[in-house]
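Take a look at the structure below.
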Amino acid sequence: MIHNRSALTASAAHEVALDCIEAAVDAAAPAAATKSAVSRDGETLTIAGTTYDLDEYTDVVVVGGGKAAGGVTRALESVLADSLCGGHIVSKQAVDTQTVQISVGDHPLPSDKNVGATTEILETVDEAGTDTLILFVLTGGASALLSAPAGNLTLEDLQTTTDRLLGGGVPITGINAVRKHLSDLKGGQIARRAAPATVAGVLISDVVGNDLSTIGSGPSVPDETTYGDALDVFDRYDLAPPPAVHDHLEAGREGQIPETPSPDDPAFDRVTNHLIADNATALDAAAAVAREAGYEPVVLTSRLRGEAREVAKPLVAIAEEATATGTPVEPPAVLLAGGETTVTVSGDGGQGGPNQEVVLSGVLAHDGDAVIAAVDTDGEDGSSDVAGAIANTSSIEDRERARGALLANDAGSHLSEIEATVETGPTGTNVNDVIVLVVPAPSE
């Protein structure tokens with residue numbers, strides 16, 4: 001999986017860190033996650049413990065989207081075989097499917113291709129009846145890949161709005177409140193359109209904390225926000241929406257447009273959402289590999305968030321404490337963390353992403369010999385074409401240059417120069433970031 005692994009294995013600790021990363025990504029791979037959660041015994045389909053009697057349905061279809069949607073769909077095809085009659089998904093990469101149509105869309109910015117594919121998906125959903133079972137696949141990347149502008153809104157309206165919200169420092173909860181009310185699909189509206197069909201959501205989370213209403217802006221999940229809440233976001237952060245967006249939201253607040261379905265809406269009477277993989281899935285797999293290698297693993301958190309360069313410092317402090325006092329674990333040990341860190345770019349910025357900043361900042365702050373590795377499980381760290389990086393203090397020969405690169409948000413250039421970047425290519429999944437700190441025994 002790691003294309004340049006041979007160039008990164010400087011020590012036994014490096015080997016363990018890379019093994020943990022590969023195990024983490026493998027465990028979250030859509031095929032593995034789906035097969036561990038979905039099975040069939042005769043005409044009984046089981047998804048994460050919930051059973052569906054296939055004899056009750058005339059049609060079984062798969063619809064949805066996301067970076068891992070293709071892999072999930074292929075696995076569902078192998079389980080359902082000839083019981084599956086069709087469907088349509090949109091993903092970032094082409095995947096060979098037998099029964100379900102797949103469209104390749106654009107990410108991270110939605111395009112007309114995304115809108116066209118989503119329109120066809122919604123047509124499939126609209127045609128469903130009481131004897132239809134819809135398997136709704138939703139994974140990281142779906143917010144962009146599943147695009148359905150509401151009313152008279154255009155794709156440009158959505159793009160401009162998103163840019164202003166992101167640039168204005170609006171948190172994801174606020175962004176989603178707006179997104180859900182500018183879409184014909186998000187905020188539970190796929191459930192409304194599917195009724196009275198049975199909907200089984202098959203979800204892989206790329207959201208810290210696994211709030212299902214946040215994954216892909218919750219197309220199959222009740223929405224507790226309103227058009228008024230969406231307008232309040234712009235007022236609270238002193239932002240101006242495009243005129244068409246303001247008019248649409250205002251019309252919704254005045255009751256001229258139906259509100260998104262709330263938790264007590266009957267649209268959800270035949271909807272069940274199943275989470276089949278998340279960041280904890282990846283961390284648990286990494287911990288198992290570390291234990292097999294003779295290291296004591298400790299999963300610190302799957303909810304890591306904050307500025308990447310700052311998040312790194314308490315992590316290396318824990319590694320130092322382990323070496324000095326055996327707390328919270330006696331070395332040799334592997335400390336594991338996951339979540340989603342961010343980077344505030346100053347000036348023009350440079351190359352790299354949050355995981356590369358975690359590694360470079362961590363190594364510069366560390367007073368010890370732990371190996372630090374961090375990757376985005378989708379294989380793309382921020383906007384860069386590498387998954388992340390791996391290094392220890394001996395990797396950095398010119399600390400002054402390294403600090404300059406970090407301050408300039410150019411960690412990627414420096415780490416690439418010292419051959420410390422981890423290259424996987426697109427992995428076909430996304431459960432956010434995985435950080436591994438290998439703390440060797442004193443004698444190592």
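Numbers here simply count residues along the sequence, with the first being 1.
Between the side chains of Arg179 and Thr161, no donor N or O sits under 3.5 Å from an acceptor N or O. Checked by atom type, the side-chain pair Asp376/Asn355 shows no donor-acceptor distance below 3.5 Å. The closest side-chain donor-acceptor pair between Asn409 and Glu357 falls under 3.5 angstrom. Defined by atom type and a distance below 3.5 Å, a donor-acceptor pair is present between the side-chain atoms of Ser103 and His88. Side-chain contact check for Asn114 and Ser111: at least one donor-acceptor pair (N or O, by modelled atom type) lies under 3.5 Å. Asn432 and Asp206 are not linked by any side-chain donor-acceptor pair at a separation below 3.5 angstrom, with hydrogens and angles left out of the test. Defined by atom type and a distance below 3.5 Å, a donor-acceptor pair is missing between the side-chain atoms of Ser205 and Asp278. Side-chain contact, Asp41 with Thr44: no donor N or O sits under 3.5 Å from an acceptor N or O. No side-chain donor-acceptor contact under 3.5 Å links Asp163 and Thr160. In this structure, a donor-acceptor pair under 3.5 Å is absent between the side chains of Ser302 and Asn279.
Using a cutoff of 4.0 Å between basic side-chain nitrogens and carboxylate oxygens, Arg305 and Glu340 are not scored as salt-bridged. Taking the charged nitrogens against the carboxylate oxygens, Asp378 and Lys92 have no contact shorter than 4.0 Å, which rules out a salt bridge. The existence of a salt bridge linking Lys313 and Glu307 is excluded, since no basic side-chain nitrogen approaches an acidic carboxylate oxygen closer than 4.0 Å. Using a cut-off of 4.0 Å between Lys/Arg side-chain N and Asp/Glu carboxylate O, Lys180 and Glu224 are scored as not salt-bridged. For the pair Arg5 and Glu423, the salt-bridge criterion is not met [side-chain N within less than 4.0 Å of a carboxylate O]. A salt bridge does not link Arg74 to Asp96: none of the charged side-chain nitrogens sits closer than 4.0 Å to a carboxylate oxygen.
Annotation: side chain of Tyr237 is in contact with side chain of Pro171 (closest heavy-atom distance under 4.5 Å). Between Val170 and Phe234 there is no side-chain heavy-atom pair separated by less than 4.5 Å. Using a 4.5 Å heavy-atom cutoff, the side chains of Ser78 and Gln98 are not in contact. At a threshold of 4.5 Å between non-hydrogen side-chain atoms, the residues Thr132 and Thr198 do not count as touching. With a 4.5 Å cut-off on side-chain heavy atoms, Thr272 and Tyr52 count as touching. The side-chain heavy atoms of Ile204 and Lys67, taken from C-beta on, include no pair separated by under 4.5 Å. The shortest side-chain heavy-atom distance between Asp229 and Leu231 does not fall under the 4.5 Å cut-off. Residues Thr226 and Arg253 fail the side-chain proximity criterion, which asks for heavy atoms closer than 4.5 Å.
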Practice task
Would you sort out whether Leu84 and Leu76 count as a side chain to side chain contact (heavy atoms under 4.5 Å, CB included), showing the intermediate values?
Solution key: CA-CA 9 Å; Leu84 186 62; Leu76 290 174; 5.6 Å; no
Handout entry: Audit row: Leu182, Asp157, side chain to side chain contact (heavy atoms under 4.5 Å, CB included) steps and yes/no
Key = CA-CA 9 Å; Leu182 303 181; Asp157 289 329; over 6 Å; no
Handout entry: Criterion side chain to side chain contact (heavy atoms under 4.5 Å, CB included) on Glu77 and Val100, from CA distance to verdict
Key = CA-CA 8 Å; Glu77 285 185 334; Val100 179; 3.7 Å; yes
Handout entry: side-chain hydrogen bond (donor to acceptor under 3.5 Å, both in side chains) assessment of Ser83 paired with Arg40
Key = CA-CA 11 Å; Ser83 292; Arg40 178 179 179 177; 2.9 Å; yes
Practice task
Carefully, step by step, assess Val90 and Ile102 under the rule side chain to side chain contact (heavy atoms under 4.5 Å, CB included).
Solution key: CA-CA 6 Å; Val90 57; Ile102 182 167; over 6 Å; no
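Within 6.0 Å of CG on Asn152 lie no more than 12 heavy atoms contributed by other residues, nucleotides or ligands. Heavy-atom neighbours of Asp385 CG from other residues, nucleotides or ligands within 6.0 Å: at or below the threshold of 12. Counting non-hydrogen atoms of neighbouring residues, nucleotides and ligands closer than 6.0 angstrom, the CD atom of Glu156 reaches no more than 12 such neighbours. Other residues, nucleotides and ligands contribute more than 12 heavy atoms inside 6.0 Å of the CG atom of Asp269. Heavy atoms from other residues, nucleotides or ligands lying under 6.0 Å from CZ of Arg303 number 12 at most. Within a 6.0 Å sphere centred on NZ of Lys35, heavy atoms belonging to other residues, nucleotides or ligands number 12 at most.
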